[in-house]
There are 2 protein chains.
Amino acid sequence: MWCAPKARPSALSTTGKRGEGMARTIAKDHEAKREAILQTAARFFADHGFDRASMGKLAEACGVSKALIYHYYPSKDALLFDILDTHLTALAEVVEAAAAQSATPQERLRGLIRAVLIAYRDSDAEHKVQLDALSSLPEDKQTHLRALQRRMVGAMSECIEAVEPERFSARPELLRPVTMSVFGMLNWFYLWHRPGGAVDRDAYADIVADLVMGGVPALCVGEAGGLE
Amino acid sequence: MWCAPKARPSALSTTGKRGEGMARTIAKDHEAKREAILQTAARFFADHGFDRASMGKLAEACGVSKALIYHYYPSKDALLFDILDTHLTALAEVVEAAAAQSATPQERLRGLIRAVLIAYRDSDAEHKVQLDALSSLPEDKQTHLRALQRRMVGAMSECIEAVEPERFSARPELLRPVTMSVFGMLNWFYLWHRPGGAVDRDAYADIVADLVMGGVPALCVGEAGGLE
DNA sequence: CCTACCGATCGGTAGG
DNA sequence: CCTACCGATCGGTAGG
């Protein structure tokens, strides 16, 4: 991370034959600094909006120069991608682990919903950035990230289906809307939740779980739901 | 519709007309032009993101000069505000009208949910712009718009409460999270719904209504979930 | 790891 | 002297 070309001995030195000679040690705190930038950037982008947040102001918020950020990331988009990739990868793993728990379907679904909200706790910024800026990424980057989202949706979908298998085998077209309803409830949470309020994340996880588990049996089977 | 500046059947195309000899009147189509700009802008801001959408490109999409847009609106922010104010005012009126219907609480809630989704049908662009850009408006403008949102939330909240008054008087702190859950489901809809799919807006309205009306009685009052 | 810059483009406004 | 507009360009600032 710090190059000192002027101080380096010339190629005439005896070690020159071996090429680079001494291996440049990668700074011990390289990774730590990169991660610090990543986290600060997520917060900064979330607070100001990705487009309005300039790299210069971000550098200021990080307490480093703009050039340093460009030392770690080749572009603003690359920084955004790393934020979202790190976030969604962790999230997909959490969700799939919770979905693989051996328990009753009810307990597993409740645990999964709880796990998502807990995972969101320390990722409000990343979550917001995702909603704000994911679609401004180049298509191939988007494809990769949306695949991670799809893993989450798939795991949730299976857990929901397992709670009422007969109903969803009778009305399979209901599974996707119900799954998306759950994500709607969860992904909307950060917009109205105020820490310290009467309903914390665990309490809200139970509300969501109760609504879906209590509501699915009430889904009207009789009425022909809107086939176009 | 507005993307092709060559053949515009629109109200904005009077520019090229000869019309010599005609006295300049106060444009009869002034209001029509303003509304055309408003609608095109909503679509354009939704598609490209408010910050990335330049006034120049918007003018191009409208088939007019940038200066003409500034003739109607003093600033980009003023245009954004008019989009959101028009949208949210109409929405608040729709919601309050549906909430005032005389019917059983169940029918009223179902009708309200349906009314919101139908109102969203022709306002996907405005809805998206709201989520994308409302918070970038100056504070006083935000305050005015958030008051409109609060009217919607209030009407929905009352309709939900009326379905299970005893439960919510026993656990009043549940009303807000349940209300927000419903808006989460509704406001998330546009992100996954594809027109022509198996579940259209009316069908989804019924799903949401069933989930909340079936789910609220299942909300656990104590510690363990009360599913019967 | 910074200062010094660039090509381009931004939102907004001039004269006529 | 007005309203309704356009071609051209302003001073600043963006990402890099």
Side-chain angles (χ1 to χ4, degrees), chain A residues 1-8 24-34 36-37 40-41 44-45 48-83 133 136-138 141, chain B residues 5 8 10-37 41 44-45 48-83 133 136-138 141:
Chain A
M1 55 175 302
W2 40 280
C3 45
K6 330 177 212 182
R8 233 146 36 128
R24 183 94 48 90
T25 54
I26 294 180
K28 266 190 275 213
D29 54 354
H30 180 103
E31 200 58 15
K33 284 191 180 180
R34 196 191 52 75
I37 290 174
T40 305
F44 195 77
F45 289 160
H48 300 87
F50 178 70
D51 290 315
R52 311 166 84 89
S54 75
M55 292 294 270
K57 292 288 173 58
L58 169 61
E60 213 172 293
C62 291
V64 302
S65 72
K66 196 169 63 168
L68 179 63
I69 298 180
Y70 278 101
H71 171 71
Y72 288 94
Y73 292 100
S75 68
K76 196 185 184 188
D77 271 6
L79 178 51
L80 170 62
F81 177 78
D82 198 14
I83 291 170
S136 71
L137 242 23
K141 301 289 178 68
Chain B
R8 282 164 288 123
S10 76
L12 293 187
S13 59
T14 55
T15 307
K17 279 192 176 173
R18 306 286 294 224
E20 289 143 85
M22 291 186 61
R24 283 214 179 196
T25 60
I26 294 178
K28 281 181 74 175
D29 54 355
H30 180 103
E31 198 59 14
K33 285 188 180 183
R34 195 191 53 73
E35 250 175 63
I37 290 174
F44 194 77
F45 289 161
H48 300 86
F50 179 71
D51 290 316
R52 270 187 305 282
S54 75
M55 292 296 271
K57 292 290 173 57
L58 169 62
E60 212 173 294
C62 290
V64 301
S65 72
K66 197 170 64 167
L68 179 63
I69 298 180
Y70 278 102
H71 171 70
Y72 288 95
Y73 290 100
S75 69
K76 198 185 183 188
D77 271 5
L79 177 50
L80 170 62
F81 178 78
D82 198 14
I83 290 170
S136 71
L137 242 23
K141 301 290 177 71

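In what follows, every chain begins at residue 1, and chains take the letters A, B, ... in the order their sequences are listed.
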For residues 50-61 of chain A, dump all side-chain donor-acceptor pairs below 3.5 Å to protein atoms at least two apart in sequence or in another chain.
| unit_1 | atom_1 | unit_2 | atom_2 | d |
| --- | --- | --- | --- | --- |
| A:Asp51 | OD1 | B:Arg52 | NH1 | 2.6 |
| A:Asp51 | OD2 | B:Arg52 | NH1 | 2.4 |
| A:Arg52 | NH1 | B:Asp51 | OD1 | 2.6 |
| A:Ser54 | OG | A:Lys57 | N | 3.1 |

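Comparing C:dT13, D:dC5, D:dG15 by their closest approach to the side chain of B:Tyr70 singles out C:dT13. Of the candidate nucleotides C:dG11, D:dC6, C:dT3, C:dG11 has the atom nearest to the side chain of B:Lys66. For B:Lys76, the listed nucleotide lying nearest its side chain is C:dG11; candidates were D:dC5, C:dG11, C:dC1.
The side chain to side chain contact (heavy atoms under 4.5 Å, CB included) test applied to A:Pro138 returns A:Asp77, A:Asp140, A:Lys141, not counting sequence neighbours. Residues that satisfy the ring-ring contact (aromatic ring centres under 6.0 Å, His included) test with B:Phe81, not counting sequence neighbours, are B:His144. Residues satisfying the ring-ring contact (aromatic ring centres under 6.0 Å, His included) criterion with A:Phe44, sequence neighbours excluded, are A:His48. Scored by the side-chain hydrogen bond (donor to acceptor under 3.5 Å, both in side chains) test, A:Tyr73 finds A:Arg34, A:Asp82 as partners (sequence neighbours excluded).
C:dG12 atom P lies 10 Å from atom CG of B:Leu79, rounded to whole Å. Regarding B:Arg34, its CZ atom lies at a distance of 14 Å from the P atom of D:dC5, rounded to whole Å. Look at CG on B:Leu68: it is 9 Å from C1' on D:dC6, rounded to the nearest Å. In this structure, NE2 of B:His48 is placed 12 Å from P of C:dC10, rounded to the nearest angstrom. Following rounding to the nearest Å, A:Tyr73 (OH) and C:dC1 (P) show an atom-to-atom distance of 16 Å.
Distances shorter than 4.0 Å separate some side-chain N or O of B:His71 from OP1 or OP2 on D:dA4.
Put simply, CG on B:Leu79 and CD1 on B:Ile37 are 8.0 Å apart, with the number rounded to the nearest 0.5 Å. A:Tyr72 OH to A:Cys62 SG: the interatomic distance, rounded to the nearest 0.5 Å, is 11.0 Å.
Against DNA chain D, the stretch residues 50-62 of chain A makes heavy-atom approaches under 4.0 Å through A:Ala53, A:Ser54, A:Met55.
Taking a pair as Watson-Crick or G-U wobble with both distances under 3.5 Å, DNA chain C contains no run of three or more consecutive pairs.
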